Amino acid sequence: MTPRREPNVPELTQIELLGLDIQELSELAHSHGQPEYRARQIFEAIYPQRLASLDAISTLPQQFRAVLKNQGVEIGQPRIEKSFQSTDGTIRYLMAMADGETVETVWMPEGDEGESGDGSEAGDRDWHRATICVSSQVGCAVNCQFCLTALLSVKRNLTAGEIVGQVSAVLNDRGVDLERQRVNIVFMGMGEPFLNYPQFMKAVRLLVEGVGFPESRMTVSTSGIVPRLADFGGEPLRPKLAISLNASNDDVRSRIMPINKKWNLGLLMQAAREFPLRNRERLTFEYVLLRDVNDQPAHAREVVELVRGIRCKVNLIALNPGPGIEFGTPDEERVQAFQQLLARAGVPAFVRRPRGRDIYAACGQLKRTVT
Ligand code: SAH
Ligand code: SF4
């Protein structure tokens with residue numbers, strides 16, 4: 001068993017169990033002369049049971065645990081360094097990785113991916129479902145002009161274990177029993193998941209096969225890394241797909257999302273059209289409304305043309321403001337007018353309620369803001 005060696009991921013002296021699949025755990029067991037079933041015991045302990053320390057894995061012989069510890073083996077669940085609670089129940093977690101890098105993960109009780117739009121608020125005590133928003137990279141290289149994460153640029157990719165570990169740490173902190181409570185995962189935190197594709201996909205498989213999330217309760221959002229869209233469509237097991245459209249023509253999109261110069265709307269929409277949707281599945285387009293930039297009726301009409309013929313819905317998000325962001329938030333009437341124009345043209349459109357804006361936990365606000 002050697003420590004993981006991935007491009008763009010630091011080599012650690014510790015070996016972290018989180019992130020290893022059942023085959024890799026078998027190799028670990030064999031390399032220690034342990035029987036095959038030890039792999040399954042470790043798998044059960046670190047994924048469905050979400051144990052955070054070797055000492056807690058009581059199914060393993062004490063001596064084997066001691067050997068592992070001596071070799072620097074750890075479970076590797078990120079440590080919750082700080083948490084901030086919003087008036088709406090949303091919690092923003094600052095998570096520390098083994099090398100000291102930090103990312104943010106957000107818990108939204110009653111989070112519904114923003115589709116109900118009924119404005120109801122539920123207290124922390126009697127929620128029935130929740131959403132966890134997970135980060136995939138430390139920072140982000142894509143540099144969208146309206147996003148606070150972009151200001152960090154990218155420090156490194158997260159490993160599959162660090163992605164899964166965010167979910168486990170939040171579930172433990174909230175005392176969640178996945179058999180009784182319904183939790184969704186959105187890969188919409190810091191980073192561009194499709195620029196960390198292998199680790200992101202490995203995390204998805206571990207969340208499904210290990211932690212116990214059905215793939216139908218996960219959604220990944222991409223800014224439009226076109227070659228990865230085809231790969232993703234071919235995955236036997238995958239979350240639902242959301243594409244950050246954010247503009248209705250190339251002029252505006254290139255201005256606010258520089259990635260559009262590499263893969264423009266023509267290429268992006270072609271990939272979206274070719275994306276193999278499953279039975280009853282719809283693609284989601286996200287559209288951040290920026291005052292006077294992309295929020296006019298003419299833009300809404302262009303969106304209608306762009307998505308024509310694609311089984312989809314559009315999630316509208318009024319800009320969540322932040323320091324260093326030059327754009328303004330459109331007023332409510334403008335947002336409603338945009339939504340209604342889409343809806344009347346037969347494009348299902350939903351206005352996403354901002355969650356945790358007061359604590360910088362809303363979309364595009366994740367930046368390791370400590371206060
Ligand atoms: N990197 C991926 C996923 C994380 S961003 C992506 O860009 O798709 C998740 C969503 O937040 C994206 O749809 C993005 O367009 C949106 N977003 C970014 N900054 C925002 C802001 N300041 N206000 C509202 N939404 C924002
Ligand atoms: Fe990265 Fe997404 Fe922010 Fe763009 S919106 S900078 S892709 S995290």
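Residue numbers run from 1 in the order of the sequence given. As the structure lists them, so they are numbered: ligands from 1, and atoms in each ligand from 1. Values below: every heavy atom of this structure, side chains too, minus hydrogens, waters and symmetry copies. The model shown is predicted, which means the values in this text are computed figures rather than measured ones.
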Show which atoms of ligand 2 fall inside a sub-4.0 Å distance from at least one heavy-atom site of [X].
X      : result
Ser223 : 7 (S)
Ala150 : 6 (S)
Asn143 : 6 (S)

Please check atom 4 (Fe) of ligand 2 for a protein heavy-atom neighbour under 4.0 Å.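 Protein heavy atoms within 4.0 Å of atom 4 (Fe) of ligand 2 - there is at least one.
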List the closest protein heavy-atom neighbour of [atom]: residue, atom name, distance to the nearest 0.1 Å.
atom                    : answer
atom 11 (O) of ligand 1 : Cys363 CB, 3.5 Å
atom 19 (N) of ligand 1 : Gly364 CA, 3.1 Å
atom 23 (N) of ligand 1 : Asn320 N, 2.9 Å
atom 9 (C) of ligand 1  : Met188 O, 3.7 Å
atom 7 (S) of ligand 2  : Val142 CB, 3.5 Å

Answer yes or no: does an N/O atom from Ile317 fall short of 3.5 Å to an N/O atom of ligand 1?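 No, no N or O pair falls under 3.5 Å.
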Kindly confirm or rule out an N or O of Phe146 lying under 3.5 angstrom from an N or O of ligand 1.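 Phe146 vs ligand 1: N/O contact under 3.5 Å present.
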[X] and [Y]: side-chain donor and acceptor closer than 3.5 Å?
X      : Y      : value
Tyr93  : Asp173 : yes
Arg217 : Asn184 : no
Glu192 : Thr222 : yes
Glu36  : Ser26  : yes
Gln41  : Thr59  : no
Glu162 : Gln166 : no
Gln199 : Asn157 : no

List every atom of ligand 1 that sits less than 4.0 Å from any heavy atom of [X], numbering the atoms from 1 in the order shown and giving each element.
X      : result
Thr222 : 6 (C), 8 (O)
Gly189 : 4 (C)
Asn246 : 15 (O)
Leu319 : 21 (C), 22 (N), 23 (N)
Glu192 : 1 (N), 2 (C)

With a 4.5 Å cut-off on side-chain heavy atoms, are Leu289 and Leu319 touching?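 Side chain of Leu319 against side chain of Leu289, heavy atoms only: no contact under 4.5 Å found.
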With the threshold set at under 4.0 angstrom, would you say Gly191 reaches ligand 2 through any of its heavy atoms?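 Checking ligand 2 against Gly191, which is what was asked, there is a heavy-atom contact under 4.0 Å.
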Have a look at Ser221, Cys133, Gly322 and point out the one with the heavy atom closest to atom 2 (C) of ligand 1.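 Considering heavy atoms of Ser221, Cys133, Gly322, the nearest to atom 2 (C) of ligand 1 sits in Ser221.
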So between Gly191, Ser244, Cys147, whose heavy atom ends up nearest atom 14 (C) of ligand 1?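 Looking at heavy atoms only, the winner is Ser244.
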Check whether the ring centres of Tyr287 and Phe338 lie less than 6.0 Å apart, and answer yes or no.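 That pair passes the under 6.0 Å test.
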Contact partition for Ile259 relative to ligand 2, non-hydrogen atoms under 4.0 Å: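 No part of Ile259 comes within reach of ligand 2.
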Side chain, backbone, both or neither: which applies to Cys144 and ligand 2 if a contact is any heavy-atom pair less than 4.0 Å apart?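 Answer for Cys144: both.
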For the CZ atom on Arg278, are there more than 12 heavy atoms of other groups (residues, nucleotides or ligands in this structure) within a distance under 6.0 Å?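 Count over threshold, so yes.
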Is the distance from atom 3 (Fe) of ligand 2 to some N, O or S atom of Cys140 under 2.8 Å?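 So Cys140 does not bind atom 3 (Fe) of ligand 2 by this criterion.
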Per-residue contact class, Val288 against ligand 1 - non-hydrogen pairs under 4.0 Å: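 The answer is the side chain of Val288.
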side-chain contact (heavy atoms from CB on, under 4.5 Å) partners of Arg253, counting only residues at least two apart: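 So Arg253 forms a side-chain contact (heavy atoms from CB on, under 4.5 Å) with Ala247, Met257, Asn260, Leu265, Leu268.
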Sub-4.0 Å heavy-atom approach of Ser136 to ligand 1: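 Ser136: no contact with ligand 1 (<4.0 Å).
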So, 4.0 Å and heavy atoms of Pro354: is ligand 1 close enough to count as a contact?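 Contact check Pro354 vs ligand 1: negative.
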Charged N to carboxylate O under 4.0 angstrom, Arg40 versus Glu44?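 Salt bridge present between Arg40 and Glu44.
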Residue that, paired with Asp88, satisfies salt bridge (Lys or Arg N to Asp or Glu O under 4.0 Å) out of Arg353, Arg355, Arg357: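 The salt bridge (Lys or Arg N to Asp or Glu O under 4.0 Å) with Asp88 is passed solely by Arg355 among Arg353, Arg355, Arg357.
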Residue from Arg79, Lys155, Arg156 passing salt bridge (Lys or Arg N to Asp or Glu O under 4.0 Å) with Glu101: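 Answer after filtering Arg79, Lys155, Arg156: Lys155.
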May I ask you to establish whether Arg238 and Phe232 are in a cation-pi arrangement, using a distance under 6.0 Å from NZ or CZ to the six-membered ring centre and at most 45° from the ring axis?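 Yes, Arg238 lies over the aromatic ring of Phe232.
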